[in-house]
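I have placed the structure first, in the form of structure tokens, so that the comments after it can refer back to it.
Note: hydrogens, waters and symmetry copies are ignored here, and every other heavy atom, side chains too, is used. Letters A, B, ... are given to chains in the order of the sequence lines, protein chains preceding strands, and every chain is numbered from 1.
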2 protein chains.
Amino acid sequence: MMKIGVLISGGGTNLQSIIDTVHGKSGEIAVVISNKADAYGLTRAKNADIPAEVIVENDCADVDDFNAKMIDVLKDYDVELVVLAGFMRILTPAFIAAYPNRIVNIHPALIPSFCGEGFYGMRVHRAIFEYGVKISGPTVHFVNEEADGGPIIAQKAVPIDDCETPEAIAAKVLEEEHKLLPWVVEQICLGRVHVDGRRVTIDRV
Amino acid sequence: MMKIGVLISGGGTNLQSIIDTVHGKSGEIAVVISNKADAYGLTRAKNADIPAEVIVENDCADVDDFNAKMIDVLKDYDVELVVLAGFMRILTPAFIAAYPNRIVNIHPALIPSFCGEGFYGMRVHRAIFEYGVKISGPTVHFVNEEADGGPIIAQKAVPIDDCETPEAIAAKVLEEEHKLLPWVVEQICLGRVHVDGRRVTIDRV
């Protein structure tokens, strides 16, 4: 079973979706790493008997040291696939190079719309609301050195013309995030995902 | 019945979709203007007994004169709504100011992705293919002075993960264009479309 490391910063609802759908079935979450000591996702890990570690950037010498410590933990647990589930820090090139096309991130918009520097959390949905787009939805992609710029694995369209606030958009998209991310992680664990440059294909079964 | 002017440059399949769905029902196509004398859309207009005029930019003094001549024709036919159906020229600010939120364009991608200067025709679908996005689809929007930047009226998501060439993407999206554009024109003719800044709402019935 493929060993997965999940990086979190907060509530961990996307982590929970992987625990519920993938863990112990197609893959095994070997460790959860949080950069916040009080992240509720740590409790979710504990409740599922998954080892969890806290690595706080302020306790590290610098951002390189912070990233090196995370890599050390991932290597200790023989992690083959890293999943960013609401992890709010940018990874260093050294971290990304250690897991080429083996780090997965979820972004709450249809990349390449509303992504890149400055587009995170509710900022994404506020920009979408103000622009007045009619369709949004989550994107799961591999992480490369460009913010939100790696090869796209899967996207899901969410009609938002009935959403009267940015918060309503966020809630509707989040619901689909909780389905799309575990589905992608499962497909990777099952060896069905193939990368050719920027184009990603998933075997149909 | 609202009088519609349709501007074309080529085959006019989007014009045909409006003839089939809207013309003589919720609205009336009062005139078709082509900037190409050999556009097949002119034949489509003739076949539907719709007046058609050819205005070639090279026969005009300059781009302002070209736009002024088009406005003259539209005014002659009392046009209230202008529809760009594969019209390949940029309108001048004077033209746009003559029909504020009364010019509709269709773009073959989910704006704000793959739009703006340089993104037209197959260039759009090639960029989408190379980027490796999984969802595309047409956008119908009002025209303002920014290329593809006006308020979005409607969008339709088209999954393209099964498309193995840019041409396959173009064909799949075009099929939805032929449904989305006449639907939007119909909603405008029926007075159901409301604009508030960048946000457009359509009455549900």
Does the B/Lys134 side chain pair with the main chain of A/Val200, one donor and one acceptor, at a distance under 3.5 Å? yes
Is the backbone N or O of B/Gly132 less than 3.5 Å from a side-chain atom of A/Arg198, with the two atoms forming a donor-acceptor pair by type? no
Should we say atom [atom1] of [X] is surrounded by more than 12 heavy atoms from elsewhere, each under 6.0 Å from it?
{"X": "A/Lys36", "atom1": "NZ", "result": "no"}
{"X": "B/Lys25", "atom1": "NZ", "result": "yes"}
{"X": "B/Asp196", "atom1": "CG", "result": "no"}
{"X": "B/Glu175", "atom1": "CD", "result": "no"}
{"X": "A/Glu167", "atom1": "CD", "result": "yes"}

Which residue out of A/Pro112, A/Pro159, A/Gly149 racks up the most heavy-atom pairs below 4.5 Å with chain B? A/Pro112
Please say whether the positively charged group of B/Arg199, taken as NZ for Lys or CZ for Arg, lies over the ring of A/Phe129, i.e. under 6.0 angstrom from the six-membered ring centre and within 45 degrees of the axis. yes
Does the side chain to side chain contact (heavy atoms under 4.5 Å, CB included) test come out yes or no for B/Gln155 and A/Asp161, once each step is laid out? CA-CA 9 Å; B/Gln155 299 182 297; A/Asp161 45 356; over 6 Å; no
Could you check whether any side-chain heavy atom of A/Ser113 comes within less than 4.5 Å of a side-chain heavy atom of B/Leu110, counting everything from C-beta outward? no
Rounded distance [0.5 Å steps], CD1 in B/Ile135 versus CD1 in A/Ile111: 12.0 Å
For B/Asp162, which atoms come within 4.5 Å of any heavy atom of chain A: side chain, backbone, both, or neither? both
For chain A, the option from B/Thr201, B/Ile153, B/Ile202, B/Thr139 that forms the most heavy-atom pairs under 4.5 Å: B/Ile153
Between B/Tyr131 and A/Ile152 the two heavy atoms that sit nearest each other are CE2-CD1, 3.7 Å
